Amino acid sequence: MDNAGFTPGALPYAQRRRHSFSSVYSPSVQIHPLLNAENPFGNFVFDLASPVPNPLVYYREVPGALSPEGLAQPVTYPPITRMRITSDTLPQEWDVILDLSPELYEYNFRAGYDPPPITVQDVFQELHRHMQSQISHSDWAKLSPRGMEKVRLAFVRRCEAAPGGPDAYDRERAQGVRRVDYLSGKTRFVGLLKTGKEDTFKLITTDPPTA
């Protein structure tokens, strides 16, 4: 698919017809173009180290926010209601899990509606919240000496880049190490890859764009 032809708010990877939502993984599942790491959307920028989630699409070097319609699109086609996101860089116990609550599923089922799928916005918000979580002392103790140094350097660089004026460094440093620091500076979201396992996708990141 040619990335240049994608416009947020459209649904280029799915037919516009009524369908049944399913939490069953299919090998033919398609990931939304903005999140497909097999064919990265080059002018899309989502930095997981940013204090607030702010995914942007650039048109002629001008950033623009994603439309509410674009954010509300299903993250996959066919849509799914359960999703696990893994990372080769992060501990397995930090896998991101999105799961439709049984209560909401039951309510929609009894009312005769399809349960809502996991959306683009759901993934962006949960990934950001997850990465901004502070680590514990036990998390730090599990690192090797080399791992500690890599995380420490990433933490210092993130604090140095923190927005908010001359006091921003000290404020951010006082908050401590976050999970995003385990990415060793590769905090720009590239996308997700299918793993072949049911409902499981792999997170791919890279270096953020230079200012």
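This one's a predicted model, so the numbers in the text were calculated from it and none came from an experiment.
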Whether the side chain of [X] engages the backbone of [Y] through a donor-acceptor N/O pair (distance < 3.5 Å, no angle test) should be reported.
| X | Y | value |
| --- | --- | --- |
| S133 | R129 | yes |
| Q132 | R178 | no |
| K194 | V29 | yes |
| S184 | K150 | no |
| D170 | D167 | no |
| R158 | V180 | no |

Exercise for the section: Could you give me the CA-CA distance, side-chain angles and deciding distance for D181 and T187, then say whether side chain to side chain contact (heavy atoms under 4.5 Å, CB included) is met? Expected result: CA-CA 8 Å; D181 297 317; T187 59; over 6 Å; no
Contact summary for [X] and [Y], nearest pair of heavy atoms:
| X | Y | answer |
| --- | --- | --- |
| A162 | E172 | CB-CB, 4.1 Å |
| L66 | L71 | CD1-CD2, 3.7 Å |
| E61 | P63 | O-CD, 3.8 Å |
| V120 | P74 | CG2-O, 4.2 Å |

Exercise for the section: Assess whether atom CZ of R188 is packed by more than 12 heavy atoms of other residues, nucleotides or ligands within 6.0 Å. Expected result: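 Yes, because the 6.0 Å sphere around CZ of R188 holds more than 12 heavy atoms from other groups.
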Handout entry: Ion pair K186/D207, N-O distance below 4.0 Å
Key =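 Salt bridge flag = yes for D207 with K186.
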Handout entry: Carboxylate-amine/guanidinium contact R146 E149, below 4.0 Å
Key =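 Judged by the 4.0 Å cut-off on N to carboxylate O distance, R146 and E149 do not form a salt bridge.
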Answer with yes or no whether the hydrophobic clustering places [X] together with [Y]; edges join I, L, V, M, F, W, Y residues whose side-chain heavy atoms lie under 4.5 Å apart.
| X | Y | answer |
| --- | --- | --- |
| V156 | L153 | no |
| V190 | L193 | yes |
| I204 | L192 | no |
| L90 | V177 | yes |

Problem - Qualifying ring-ring contact (aromatic ring centres under 6.0 Å, His included) pairs, either residue in residues 117-153, two or more places apart - result: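 ring-ring contact (aromatic ring centres under 6.0 Å, His included) check on residues 117-153 returns F44-F124, F46-F124, F124-F189.
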Quick check for you: to the nearest 0.5 Å, what is the distance between [X] atom [atom1] and [Y] atom [atom2]?
| X | Y | atom1 | atom2 | answer |
| --- | --- | --- | --- | --- |
| I118 | I80 | CD1 | CD1 | 5.0 Å |
| L35 | I85 | CG | CD1 | 8.0 Å |
| L143 | M148 | CG | CE | 5.5 Å |
| T76 | N36 | OG1 | CG | 11.5 Å |

Practice task
From the options D99, D95, D199, select the one residue that forms a salt bridge (Lys or Arg N to Asp or Glu O under 4.0 Å) with R84.
Solution key: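 Result: among D99, D95, D199, D95 is the only option passing the salt bridge (Lys or Arg N to Asp or Glu O under 4.0 Å) with R84.
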Exercise for the section: For residues M131 and L203, determine if any side-chain heavy atom of one lies less than 4.5 Å from a side-chain heavy atom of the other. Expected result: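 Side-chain contact under 4.5 Å: yes.
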Handout entry: Close side-chain approach of V96 and L98, heavy atoms under 4.5 Å
Key =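 SC-SC contact between V96 and L98 confirmed.
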Practice task
Quick one: list whatever passes side chain to side chain contact (heavy atoms under 4.5 Å, CB included) with P91, sequence neighbours left out.
Solution key: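 E93, W94, Y182.
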Handout entry: With sequence neighbours excluded, residues passing side chain to side chain contact (heavy atoms under 4.5 Å, CB included) with T119
Key =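 For T119 the side chain to side chain contact (heavy atoms under 4.5 Å, CB included) partners, ignoring immediate neighbours, are Q121, D122.
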Handout entry: Test log, rule side chain to side chain contact (heavy atoms under 4.5 Å, CB included), inputs Q92 and T86
Key = CA-CA 7 Å; Q92 185 176 358; T86 67; over 6 Å; no
Exercise for the section: Under 4.5 Å between side-chain heavy atoms, chaining through other members, with only Ile, Leu, Val, Met, Phe, Trp and Tyr counted: pull out the rest of the cluster around Y58, sorted by chain and number. Expected result: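 Other cluster members: V45, L56.
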Problem - Contacts of type side-chain hydrogen bond (donor to acceptor under 3.5 Å, both in side chains), residue D139, not counting sequence neighbours - result: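 Per chain and number, D139 pairs via side-chain hydrogen bond (donor to acceptor under 3.5 Å, both in side chains) with S136.
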Handout entry: Test salt bridge (charged side-chain N to carboxylate O under 4.0 Å, His left out) applied to R157 - qualifying residues, sequence neighbours left out
Key =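 Salt bridge (charged side-chain N to carboxylate O under 4.0 Å, His left out) check on R157 returns nothing, list empty.
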